[in-house]
Amino acid sequence: MADWVIIVDSLKDFDNAGTPHKVITANDYLARTNLFRGARPKIINLSRSFAYQSRGYYCSLLAEARGHRVIPSVETMIDLGARQLYAQAVPELDDTLAKAIAGSHDTVPKRVLVFFGAVEDHRFDRFGRLVFDWFRCPVLEVTVETGTRPQIKRLAAVPVTKLTLEERALFDAALHNHTRRQWRSKKDRVAPRYSFAALHDPKEAMPPSSLSSLKHWSRIAAKLGVEVEPITRRDLPRLAEFDALFIRETTSIDNHTYRFARRAAQEGMPVIDDPVSMIRCTNKIYLHELMTTNGLAVPPTVIIVDKQDLVRAADELGFPMVLKIPDSSFSRGVAKVGSPAELAALFKAWYEDTDLLLAQKFMPTDFDWRVGVLGGKPLFVSQYMMAKKHWQIVKHGPDGKALEGGFHTPSLGEAPPAVIDVGLRAAQLIGDGLYGVDLKETADGIFVVEVNDNPNIEHGVEDQGEKDQVWIDLTKWFIDKLEA
């Protein structure tokens, strides 16, 4: 069965003899509904028009419905239809364009063609890759407004039929490079049904899963016909080679982890964490509003909008209290303050970087519960003990080192049903992916502290209770999404 399939309006548009890939017309792809049934080919749509409800548009739309991976996706087609839709990408692209020509006295081109991320002028290699990262389209034309600081005037898809002979040669070379498959399986092994990417940062001090844990998952997943390959932030252009993505770096909306999640979603790939979950979980103010609106107990909280709210926080919460930056993680950006003076000083320091802060009642406990939830079902339940002589589970020292408390992970059958129930209810408000719901169990009840979109899963820790079933369930979640 074909691995890569090229769709054209007419067979005259692309020389079938010049490629090892199957070339079919848009009419054939649209009409032959059983074509490639049971397979997941990668589709490159070279239709002459990507306009809304054109044949090219419907080819990509139906490709997604049939479970085929397609470039460009309908989302990309729509984004490229109007500047206001792709405007979010322009500032970063403008900045990269400016860096590409910094210190150069060469003429700035008014038009840059990007072929699968490749460009003719190597000054713009990084720029071309970034354009393709944002908008996965076979050929993109970037119109540049020259001046003291060149800026992007327009982005548009270009049909291959409009390319000159020289441009067509560049396109053919880029197509060849893009479609080269890196077969990682040994010949004497049964080829895996699926290939999953696990995004990690080898230099991250406290990753959600260590490389050794990912290797353990790889061994479990192999028994289910899945190959797991660790990748890094440099592998974004390769992402479409894989069937699914598991992000094992600390996530943030303003770094590459969100780009990976967004790209995977656009490719139609199952992804943990998905972009929507990242947006929802990385902000504690959103989580507070979501939980309280839906009747889940949270620690008494005051949203700090301006200096006047400090008095209200002191009156309602008392001292000590906990002050948080909305997008803090791993106990960073979270501090306990013991007096109005400490509160005012920390507010002044943190308010320079955020317009809102979160103040919460200090609720000391010996440990926090974390309920791991996957697809609306409990995956694990762990107790994280507070770090020695500290009020958090992680104590960050001035030298950058972190001291963690102990842990205990009972089996799901041994965990308190009420804790699991609250964890499931909180996670279901976010989505059906993987979440870690942090809870405090007190005499007054169970309180939701936060919901993490990329909770730790470390071999020997979170899987201590359910053993390899944690990794089996994780693998099956991705497989079920692929085969749905």
Less than 4.0 Å between a side-chain N and a carboxylate O, is that true for [Y] and [X]?
X    : Y    : answer
R262 : E267 : no
R149 : D95  : yes
D468 : R219 : no
R69  : D243 : yes

Evaluate the side-chain proximity of [Y] to [X]: yes if any heavy-atom separation is below 4.5 Å, no if none is.
X    : Y    : answer
Y52  : M77  : no
H68  : Y29  : yes
F124 : T96  : no
L113 : L163 : yes
V373 : P378 : no
F135 : P72  : no
N456 : S209 : no
L434 : I457 : yes

Pairing residues for Q383 by the side chain to side chain contact (heavy atoms under 4.5 Å, CB included) criterion, not counting sequence neighbours: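 With sequence neighbours excluded, Q383 shows a side chain to side chain contact (heavy atoms under 4.5 Å, CB included) to F367, W369, M385, H408, given in chain and number order.
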Would you please name every residue forming a side chain to side chain contact (heavy atoms under 4.5 Å, CB included) with V226, sequence neighbours left out?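 If we apply the side chain to side chain contact (heavy atoms under 4.5 Å, CB included) test to V226, skipping adjacent residues, the hits are Y194, F196, A221, V228, T475, I479.
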Take M291 and V451 through the side chain to side chain contact (heavy atoms under 4.5 Å, CB included) test and state the conclusion after the steps. CA-CA 10 Å; M291 298 301 135; V451 182; 3.9 Å; yes
Going by side-chain hydrogen bond (donor to acceptor under 3.5 Å, both in side chains), name the residues that satisfy it together with [X], two or more places apart in sequence or in a different chain.
X    : result
S47  : N45
Q469 : D473
S73  : E75, T76

Establish, from distance only, whether the side-chain atoms of [X] and [Y] form a donor-acceptor pair under 3.5 Å.
X    : Y    : answer
H21  : T179 : yes
T409 : S382 : yes
D453 : T251 : yes
N454 : R248 : no
E450 : H288 : no

Looking at [Y], is its backbone amide N or carbonyl O close enough to the side chain of [X] to form a donor-acceptor pair, meaning the two atoms are under 3.5 Å apart?
X    : Y    : answer
D463 : V470 : no
N283 : Y286 : yes
D480 : W477 : no
D438 : D368 : no
N294 : L290 : yes
N177 : A174 : no
E167 : T164 : yes
S54  : S49  : yes
D201 : K203 : yes
R193 : L224 : yes

Enter the distance from [X]:[atom1] to [Y]:[atom2] here, rounded to the nearest 0.5 Å.
X    : Y    : atom1 : atom2 : answer
D3   : R40  : CG    : CZ    : 11.0 Å
I472 : K223 : CD1   : NZ    : 7.5 Å
I285 : K324 : CD1   : NZ    : 11.0 Å
T250 : N452 : OG1   : CG    : 10.0 Å
L85  : I78  : CG    : CD1   : 8.0 Å
Q266 : E64  : CD    : CD    : 10.0 Å

Trace of the salt bridge (charged side-chain N to carboxylate O under 4.0 Å, His left out) decision for D432 with K481: CA-CA 11 Å; D432 71 342; K481 292 291 184 182; 2.5 Å; yes
According to the interplanar angle, ranging from 0 to 90°, do the rings of F246 and W217 count as parallel (below 30°), tilted (30 to 60°) or perpendicular (above 60°)?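 Perpendicular.
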Can you label the angle between the W471 ring and the H459 ring as parallel, tilted or perpendicular, going by 30° and 60°?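 Because their plane-to-plane angle is over 60°, the rings of W471 and H459 count as perpendicular.
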Can you list the steps and then say if Y258 with S252 is a side chain to side chain contact (heavy atoms under 4.5 Å, CB included)? CA-CA 6 Å; Y258 181 73; S252 176; over 6 Å; no
Looking at every heavy atom in both A261 and D273, which two are closest together, and how far apart are they?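 Looks like CB-O, 3.3 Å.
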Closest heavy-atom pair and its distance - L482, P270: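 For L482 and P270, the tightest heavy-atom pair comes out as CD2-CD, 3.6 Å.
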Tell me if the aromatic rings of F132 and H178 count as close, with their centers under 6.0 Å from one another.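 That pair passes the under 6.0 Å test.
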Would you check, one step at a time, whether the test salt bridge (charged side-chain N to carboxylate O under 4.0 Å, His left out) holds for R259 with E92? CA-CA 12 Å; R259 178 75 52 73; E92 184 179 9; 2.5 Å; yes
Kindly determine whether L130 and L93 satisfy side chain to side chain contact (heavy atoms under 4.5 Å, CB included), including the steps that lead there. CA-CA 7 Å; L130 185 61; L93 293 175; 3.6 Å; yes
With side chain to side chain contact (heavy atoms under 4.5 Å, CB included) as the test, would you mind laying out the steps for V448 and L439 before giving the verdict? CA-CA 5 Å; V448 179; L439 306 169; 3.7 Å; yes
Taking atom CZ of R154 as the centre, does the number of heavy atoms from other residues, nucleotides or ligands within less than 6.0 Å exceed 12?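 Not buried by this count: 12 neighbours or fewer within 6.0 Å.
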Begin with the C-alpha distance, continue with both residues' side-chain angles, and end with the deciding distance and a verdict on salt bridge (charged side-chain N to carboxylate O under 4.0 Å, His left out) for R48 and D13. CA-CA 9 Å; R48 297 173 188 173; D13 293 349; 2.8 Å; yes
Pair listing, side-chain hydrogen bond (donor to acceptor under 3.5 Å, both in side chains) test, anchored in residues 138-147, at least two apart: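 Matches after skipping sequence neighbours: R111-E141.
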May I ask you to establish whether R168 and F115 are in a cation-pi arrangement, using a distance under 6.0 Å from NZ or CZ to the six-membered ring centre and at most 45° from the ring axis?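 Judged by the rule (NZ or CZ under 6.0 Å from the ring centre, within 45° of its axis), R168 is not positioned above F115.
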